[in-house]
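First the structure, in the form of structure tokens, and then the observations on it.
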Amino acid sequence: MATMTMIEAIRDALDVAMGRDDDVVVFGEDVGYFGGVFRCTQGLQAKYGKTRCFDTPINESGIVGTAIGMAAYGLRPCLEIQFADYVYPAYDQIVSEAARLRHRSNGDFTAPLTIRMPTGGGIFGGQTHSQSPEALFTHVAGLKTVVPSNPRDAKGLLLAAIEDDDPVIFLEPKRLYNGPFDGHHERAVTPWAGHPLAEVPAGYYSEPLGRAAIRRPGAAATVLAYGTMVHVALADVAARGIDAEVVDLRTLLPLDLDCIAASVRKTGRCVVVHEATLTSGFGAELAALVQEHCFFHLEAPVARVTGWDTPYPHAQEWDYFPGPARVGEALAAVLEI
Amino acid sequence: MATMTMIEAIRDALDVAMGRDDDVVVFGEDVGYFGGVFRCTQGLQAKYGKTRCFDTPINESGIVGTAIGMAAYGLRPCLEIQFADYVYPAYDQIVSEAARLRHRSNGDFTAPLTIRMPTGGGIFGGQTHSQSPEALFTHVAGLKTVVPSNPRDAKGLLLAAIEDDDPVIFLEPKRLYNGPFDGHHERAVTPWAGHPLAEVPAGYYSEPLGRAAIRRPGAAATVLAYGTMVHVALADVAARGIDAEVVDLRTLLPLDLDCIAASVRKTGRCVVVHEATLTSGFGAELAALVQEHCFFHLEAPVARVTGWDTPYPHAQEWDYFPGPARVGEALAAVLEI
Amino acid sequence: MAGETRLSLHVPEPEVRPGDTPDFSNVAIDRAGTIRRPEIDVVPEEIRDLAFSIIRVLNRDAEAVGPWSGLLDADELRDGLRHMMTLRAFDARMMLAQRQGKTSFYMQHLGEEAVACAFRKALAPGDMNFPTYRQAGLLIADDYPLVEMMNQIFSNERDPLKGRQLPIMYSSRAHGFFSISGNLATQFVQAVGWAMASAIKHDSKIAAAWIGDGSTAESDFHAGLVFASTYKAPVVLNIVNNQWAISTFQGIARGGAGTFAARGHGFAIPALRVDGNDYLAVHAVARWAVERARANLGPTLVEYVTYRAGAHSTSDDPTAYRPQTESDSWPLGDPVMRLKAHLIRIGAWSEERHAQAEAEIADTVVAAQREAERHGTLHAGGHPSPRDMFEGVYAEMPPHLRRQRQRAGY
Amino acid sequence: MAGETRLSLHVPEPEVRPGDTPDFSNVAIDRAGTIRRPEIDVVPEEIRDLAFSIIRVLNRDAEAVGPWSGLLDADELRDGLRHMMTLRAFDARMMLAQRQGKTSFYMQHLGEEAVACAFRKALAPGDMNFPTYRQAGLLIADDYPLVEMMNQIFSNERDPLKGRQLPIMYSSRAHGFFSISGNLATQFVQAVGWAMASAIKHDSKIAAAWIGDGSTAESDFHAGLVFASTYKAPVVLNIVNNQWAISTFQGIARGGAGTFAARGHGFAIPALRVDGNDYLAVHAVARWAVERARANLGPTLVEYVTYRAGAHSTSDDPTAYRPQTESDSWPLGDPVMRLKAHLIRIGAWSEERHAQAEAEIADTVVAAQREAERHGTLHAGGHPSPRDMFEGVYAEMPPHLRRQRQRAGY
Ligand SMILES: Cc1ncc(C[n+]2csc(CCOP(=O)(O)OP(=O)(O)O)c2C)c(N)n1
Ligand SMILES: Cc1ncc(C[n+]2csc(CCOP(=O)(O)OP(=O)(O)O)c2C)c(N)n1
Ligand SMILES: [Mg+2]
Ligand SMILES: [Mg+2]
């Protein structure tokens, strides 16, 4: 099997999707000739022509709005928002339109679109190239929200997202594009090559939405993570020799509550980690669900390790980022109770 | 003291604010000559002139964006979004600009604006006149979010919001505009007249942001609510004769965690209620905080009674609305554990 | 340098307010038949003036004159009249039904009936409209069943939208009518996307976008123009200028430009302005724009000059912000009366036939209402199930929603 | 009817791509001195043509000619040259510093120096710019200390923005420079709001909005035009058309309209197009627009025609999407060379003085950098405290944030 980076896996998924289905169209700012600022769409215009993969004007509402119209016509648009930090101008089209179209028209019109966007920090991108807005989508009925943590999932989940008949928000942790990242920014960068989850099957396959994956089984505590934080959690658990179970949620909505509840019922302790700001972050929903569904199994309160409630800073990136030290502290604290 | 409806109290607050400070300007769609579709700004243009209270083009991003520019100049804009359901086009200006301006410019520029909007359901307004988007604001560092539940608070909190040096989202439960609403839609409408919290002091006063109010002391369980749901909870607790403590949060951010924690530590049981959809609603944050801060006092999991995870429906309004039956059930369930 | 002039803010105001005498003398109106009809492949620059004039076909003597006339025969015109009369009768009944508490809300079309009714007849099967809440004429002129519309308005057990939507927020793919959104302007750019899709697939179908004068201020209007201009999308971009946006007069949205059609000029999108109360003119201009789109010549912007004779919605009272008699002074007259007069003038209609048609239409509407009411109204009789609220949020119900539905007892 | 023509999607493409020979023969360029200078209270309609021409002052012989010339004396022109040279030297040093890892990111102005430098000199104290990330010339031409800029770029312990912002996202109220946002176009409508506030307060200060060619597609550009047109706000609306938006050529944002200036026509906002590489022309047009605004005559839209000679940012490599030699073929030349030649031509400058100035400026920039580096660079030396991240989110730190700060150990 070929080893791919996350970028290559995403590109491969788009290529497979476009090859299988003429109705899949790919567009966004700089995605056509150039192939996207992270090069996820490189080569697609040359291969499929410029009416199936093209550059758009810089208007995120227009990108999503036209995609909704195309989807209503019968296409399956897969569009790119250049950074998740720039999705807000499209928020109305996503929340008021894409998310509700099927319901409000009783299925007369649907919006099977996939909205890809790079998310998360760790690249000194400052406040407008680092945000993790997942909770703003999980609150909206009608949307699905996916966050892959490795190349194999990225390809399989993206293919599933494109095939899905509902609008899917597909968040790509940009710090993982070129290699797994364990939060040790002071160490040399690791490439994907050599990572088992960078072995990506050729051609078509898909990874169903709504299923979590246990990346490391364990009995002492449960860590709920997604995207970059899966790697941070795994590395930290390994480094400290803690027997924690690390659950990679993969899809935030629909959420694999069965997997989560089974794990916490087993371990009795739970730490939730994400990069987004704490208050009203997706970790709040996870903590609320865990205490609701595992109350009598919990030995300690569910702990949240997250970005602070500040804008994402530039110079203080590694003070903001919920890195290994903070994850480890939280785990230790939870285990002590 | 005069008895006022919520609308009158809001109008009075605007009048007092404009009278005290020439830098307060009031604008939005239909707010000028006509005085707003809910008439909250009626008479202000006639009194203060059309450059201090005026109609705007229908462009929510433009309304907030120009307000940010005005605030940077030195004014204190208080603007109206006609319905909270229409705030999404302005979301980028609120989240990326107003919320972060002070931080990113290190105080060189600030955005002391107040963004008023009618929120919540109960008026057969369908999916675009009923939403409760508070969690989309509480997740954003730099914003404050306020939800008054009665005329006296509405005036005092609005005056505090306008005077506040940070951007404040001021959500007005429209079902409360003309009278308190206990969720019993089948009963005759109650007017504000006669309600003790409809007695509104004349002239200037302000209610500090960040302080909850205990509307009914109790020992058996804590109900955390805001806006319309305060009245629903109170009525239901009274009707069922449950000794629950009903906490009116008033400000969601900053949150009065001391008050909440003290109450739950006392009662050991907690029900959170809101109209917004369940997943990633503000109730998730409340449940997460309560289990974190009161873990060893909790006798039962924190329960959430909320709108369902569907678009706000028209015909099924009273099946969607978390009315007395559902609040009561949840309280009963929590008390049984 | 600074300090020479004191600045001041310009806040536009309508000419008249309640208590004043209505005055439309500033509305420049071209004589019927005087505006030229260019070829559909005209260079936009050459018809700049058409964004500042008003194309009209029916003159004061109810004759159809000039280069935009002659497209419709008497049968088609009688159909058009019937559609407009039906819409007006439908509106009247539904306004009443709302006052009777049979529905929560209604929005009427009084005075604007010609716009959507005449436009619809310029489209071909398969074309798609992206309407606002004030284009029910598109459905009526396409013979969508009145009873279905009423079922939706009453949120009853036969409501095709299962009670989920606010009254009048229809949806019908089969009738080329995209699901209406309560959020203004979003549909404008969606229409452009639909048209782009048709072009990507080398189809021949075109789209029509709809927006009100006030809503052109919204950002998605701009997004629509940008994308339509860049990709030369096969779409007709319709602005219905009925002079008012709830209580706000059109000058607030329009700003310094003389017309809304002028907005097209910055994008080199050909822009025409037409008498929206003249069924023949609306139809002729619509046909021109539709032909252009279908010939792959790209988008056209059309401004329909009309007047919202009624309240904005059943929640609105216009006497608070405009003179009660303003509507009567509107210089472009009433679309129903004008088409009726024209049909009589050409000998294809009479007062008697009109009275008879009115009675028949009233019967049809009443019968439809009776039929709809058998299936319930908002607060009485058959209604959608709470289960319908949980269905259709997703193609397949995810587990969390199933749990909620069960908790709700359905 | 349907099915006659197969539709197809038009996707605009630049004339040339890597490997092709650059070709700007389609860029119509007016001779210097040929475009008239209207009165500032001109009716917009009368200067429609000025949105399609290019106002230029410096001719091929480096003379200043025509009605837009004669505003600046030799001292002022030498100042202008020094500002542009300083900006260019500053850029070069910072590009290098970024490659050396002293900062994470940089954006240069190569080829566009005249636009912001010349515009700045048309403003009065107290006026406010709402810039994008490519107008550092506004600061340099206002003598903002280079070392402060570098402190920000290095996110060091003296960073006026405390390390919170991405490099080059400066803010200086004192220098009339609004805090830069990473989100495109938001500032455009904010500028209009600032100008409205000035008008509301009967002040005499005006605002200047800035936006790139690509970003005019954003919705807040429209919002800005709508509000500026409606309230006749005292604002200059600047579009810097440097031909590229990262890898996307200007045709994608511009669509069918020949120019970006034309966007003003739909709003009756007077629109001028100017040679952005001609310091004198930029300044003259800026002055015209600023005077208009200050005289309470409302907004002006100005398109500066220039060329982004460098990469979009340090994260970009333009050889992947445009011919490497395209920059050299740009027909409007280099703004520094052109102003230098003019100064020499009028006997106010010489090659020797230029070489000397270059050396002095290099020294100044190096000295500033040395000073800034004493206070740290991104990964070395003094840096802002993590505490600074928690401060300033609110005027007063709310309890939850204080708890978090304490948990973080600060
Ligand atoms: C995004 C958004 N903002 C505000 C509203 C509230 N609103 C509903 S209709 C309306 C006026 C629209 O006027 P116009 O576009 O002229 O259409 P008309 O009603 O005249 O047909 C407003 C402000 C809305 N529905 N959506
Ligand atoms: C809302 C938003 N969308 C996308 C981006 C990413 N982005 C940054 S610069 C840029 C291109 C802007 O081009 P232009 O406006 O021509 O300015 P220039 O860089 O040429 O000065 C893009 C797409 C962004 N910063 N903000
Ligand atoms: Mg209107
Ligand atoms: Mg550019």
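Within every chain, numbering begins at 1; the chains are lettered A, B, ... in the order of the sequence lines, protein sequences first and strands thereafter. Remember, predicted model here, so these are calculated numbers, not experimental data.
Neither the backbone nor the side chain of A:Phe83 has a heavy atom closer than 4.5 Å to any heavy atom of chain D. Using a 4.5 Å cut-off between heavy atoms, A:Glu317 does not touch chain D at all. Contact of A:Gln42 with chain D is not made at all, since no heavy-atom distance falls under 4.5 Å. Using a 4.5 Å cut-off between heavy atoms, D:Leu401 touches chain A through its side chain atoms alone. Of the two parts of A:Ile123, neither the backbone nor the side chain holds a non-hydrogen atom closer than 4.5 Å to a non-hydrogen atom of chain D.
The aromatic rings of D:His379 and A:Phe124 stand perpendicular to each other, their planes meeting at an angle above 60°, with 30° marking the opposite boundary.
Within a 6.0 Å radius of CZ in D:Arg158, other residues, nucleotides and ligands contribute 12 heavy atoms or fewer. For D:Arg17, the CZ atom counts as densely surrounded, since its 6.0 Å shell holds more than 12 non-hydrogen atoms of other residues, nucleotides or ligands.
Counting heavy-atom pairs closer than 4.5 Å to chain A, the top-ranked of the candidates D:Ser155, D:Ala408, D:Ser247 is D:Ser247. Of the listed residues (A:Thr310, A:Asp309, A:Asp319), the one with the most heavy-atom contacts under 4.5 Å to chain D is A:Asp309. The most heavy-atom pairs under 4.5 Å with chain A, out of D:Gln165, D:Met389, D:Arg164, D:His383, come from D:Met389.
Taking each heavy atom of A:Pro311 and D:Val393 in turn, the nearest pair found is CD-CG2, 4.0 Å. Heavy-atom minimum distance, D:Gly163 versus A:Gln316: O-OE1, 3.3 Å. Across D:Pro18 and A:Tyr33, no two heavy atoms sit closer than the pair CD-OH, 3.3 Å.
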Given the rule in the ring-ring contact (aromatic ring centres under 6.0 Å, His included) test, do A:Phe34 and D:Tyr321 qualify, once you have shown the distances and angles that lead to the verdict? CA-CA 6 Å; A:Phe34 183 56; D:Tyr321 52 80; 5.3 Å; yes
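Going from atom CG of A:Asp55 over to atom CD1 of D:Ile252 covers 5.5 Å, rounded to the nearest 0.5 Å. Here the straight-line distance linking atom OH of D:Tyr410 with atom CH2 of A:Trp308 works out to 9.5 Å at 0.5 Å rounding. Within the model, atoms NE2 of D:His312 and CG of A:Asp30 stand 8.0 Å from one another, a figure rounded to the nearest 0.5 Å. Rounded to the nearest 0.5 Å, atoms NE2 (A:His129) and CZ (D:Phe105) are 6.0 Å apart. Between atom OG1 of residue A:Thr306 and atom CD of residue D:Gln404 there is a gap of 6.5 Å, rounded to the nearest 0.5 Å. How far OG of D:Ser215 is from CG of A:Asn59: 10.5 Å, rounded to the nearest 0.5 Å.
For A:Thr128 and D:Asn183, the side-chain atoms include no donor-acceptor pair closer than 3.5 Å. A:Thr279 and D:His400 are not linked by any side-chain donor-acceptor pair at a separation below 3.5 angstrom, with hydrogens and angles left out of the test.
Counting heavy atoms from C-beta on, the side chains of A:Gln82 and D:Ile246 come closer than 4.5 Å.
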